[in-house]
Amino acid sequence: DVDWAALAHGSVLAASALAMERRWSSVLVPASYDYESAVPWGSHPEVDPLFSTSTLSLAHDGPTYDKADKMDRVAPHPLVQKHVRVCQRRPEGLNCGSCEKCLYTALALDVLVGLERCATFEARTADLDAIRKTRIDKAWYVRCYTHIQEHARRKGRQDIVDAIDHMMARSVHYSGWVKAFEKARRRPLLWALVRPLKGLARTGRVPPPPGFKGDVVLPPKTDTSARE
């Protein structure tokens, strides 16, 4: 099977665009990551334009902004609040509210404009219990959640600040375990031995094996005393 996210989706989007080459002269592929966070991925700012032809320009759009920056800009628009869909579990109707994309988007919308204003989410507030249980393993996610946390702090949403703090603190050890599991998967016998530890690793309470340091590093605490 081809890895859709890591290898395939960019070329499939390009193929769709090329199929309409006689009608379209330019196509924008929304960026998954900003430049600072770019990794080998199915869609990439250096690769997507290579699908262009003499009559069709294919551009990787928006890599100068991270996910949180984009949310800042689009969340206030009524059209977004009425129609925003990010869920990959439900092809139609409301967002499921529980997958990774839904949890982050709902949290950001709740902080920025109030989730109750968004018609495509059934919940009226973000699920903070689910946020506390979420584990992240990339520095890019730390930046995105820290950005949302800054907004929450300015708006007096200490409940959201605390939920994100808990999630990121648990993710430090977890991201190290992710590195260890990635290496173990290349050795079937070793993977059979360590795979049962995935549940323990997800708690975030147990340090990873020596020599495995994850990508998640806690940002420095914001000093609010100077502003008070």
Side-chain angles (χ1 to χ4, degrees), residues 1-12 31-47 63 66-69 86-89 96-108 126-150 152 160-222:
D1 293 338
V2 176
D3 189 320
W4 170 259
L7 294 175
H9 75 277
S11 57
V12 172
S32 299
Y33 297 95
D34 59 292
Y35 281 124
E36 185 177 353
S37 307
V39 295
W41 201 240
S43 173
H44 193 277
E46 295 182 8
V47 175
D66 67 17
K67 186 184 291 289
D69 290 327
V86 297
C87 188
Q88 293 180 322
R89 291 182 181 174
C96 78
S98 58
C99 69
E100 179 183 311
K101 286 179 176 287
C102 284
L103 285 173
Y104 174 83
T105 304
L107 183 69
D127 187 346
L128 298 188
D129 285 338
I131 293 295
R132 292 185 188 94
K133 296 174 183 176
T134 296
R135 299 293 176 261
I136 56 177
D137 61 347
K138 298 289 188 296
W140 175 72
Y141 287 116
V142 175
R143 286 200 295 275
C144 289
Y145 275 103
T146 299
H147 191 143
I148 296 302
Q149 191 180 43
E150 290 169 356
I160 292 178
V161 172
D162 292 344
I164 294 176
D165 273 343
H166 182 90
M167 178 264 291
M168 289 202 286
R170 292 287 188 261
S171 296
V172 173
H173 287 335
Y174 172 72
S175 67
W177 276 104
V178 169
K179 296 284 189 183
F181 290 144
E182 288 173 352
K183 186 172 183 178
R185 282 192 183 94
R186 303 173 196 149
R187 302 178 181 181
L189 181 58
L190 179 60
W191 178 234
L193 292 173
V194 303
R195 187 174 183 179
L197 298 175
K198 290 184 71 174
L200 180 65
R202 192 163 181 81
T203 66
R205 297 189 179 97
V206 181
F212 291 97
K213 184 178 180 181
D215 296 332
V216 174
V217 178
L218 295 182
K221 289 287 185 180
T222 302

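Keep in mind that the numbers below use all heavy atoms, side chains included, and drop hydrogens, waters and symmetry copies.
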**Asked** Any side-chain heavy-atom pair from Glu100 and Tyr141 closer than 4.5 angstrom?
**Response** yes
**Prompt:** In Å and rounded to the nearest 0.5 Å, what is the OG to NE2 distance from Ser32 to His44?
**Reply:** 10.0 Å
**Request:** To the nearest 0.5 Å, tell me how far Asp165 CG sits from Ile160 CD1.
**Result:** 12.0 Å
**Complete:** For Cys102 and Ser98 the tightest heavy-atom approach is CB-N, 3.9 Å
**Prompt:** Got more than 12 heavy atoms from elsewhere within 6.0 Å of CD, Gln88?
**Reply:** no
**Request:** For side-chain contact (heavy atoms from CB on, under 4.5 Å), just list the numbers for Trp41 and His9, CA-CA rounded to whole Å, side-chain angles, deciding distance to a tenth of an Å, and then say yes or no.
**Result:** CA-CA 9 Å; Trp41 201 240; His9 75 277; 3.4 Å; yes
**Item:** Flag side-chain contact, heavy atom, 4.5 Å: Ile136 against Met168
**Value:** yes
Could you give the side-chain donor-acceptor pairs of residues 185-204 under 3.5 Å, partners two or more places apart or in another chain?
| unit_1 | atom_1 | unit_2 | atom_2 | d |
| --- | --- | --- | --- | --- |
| Thr203 | OG1 | Leu200 | O | 2.6 |
| Thr203 | OG1 | Arg205 | N | 3.3 |

Cut-off 3.5 Å, no hydrogens considered: what does the side-chain donor-acceptor table look like for residues 172-181, sequence neighbours left out?
| unit_1 | atom_1 | unit_2 | atom_2 | d |
| --- | --- | --- | --- | --- |
| Ser175 | OG | Ser171 | O | 3.3 |
| Ser175 | OG | Val172 | O | 3.0 |
| Ser175 | OG | Val216 | N | 3.4 |
| Trp177 | NE1 | Val206 | O | 2.9 |
| Trp177 | NE1 | Pro207 | O | 3.4 |
| Lys179 | NZ | Asp215 | OD2 | 3.4 |

**Request:** Determine whether Trp4 and Val12 make a side-chain contact, defined as any pair of heavy atoms from C-beta on separated by less than 4.5 Å.
**Result:** yes
**Asked** Taking atom CD1 of Ile131 and atom CG of Leu103, what is their separation to the nearest 0.5 Å?
**Response** 5.0 Å
**Prompt:** Hey, what do you get for SG (Cys144) to CG (Asp69), rounding to the nearest 0.5 Å?
**Reply:** 8.5 Å
**Atom pair NE2/NZ of His166 and Lys133 - distance to nearest 0.5 Å** = 9.5 Å
**Asked** Atom CD1 of Ile164 and atom CG of Leu107: how far apart are they, to the nearest 0.5 Å?
**Response** 5.0 Å
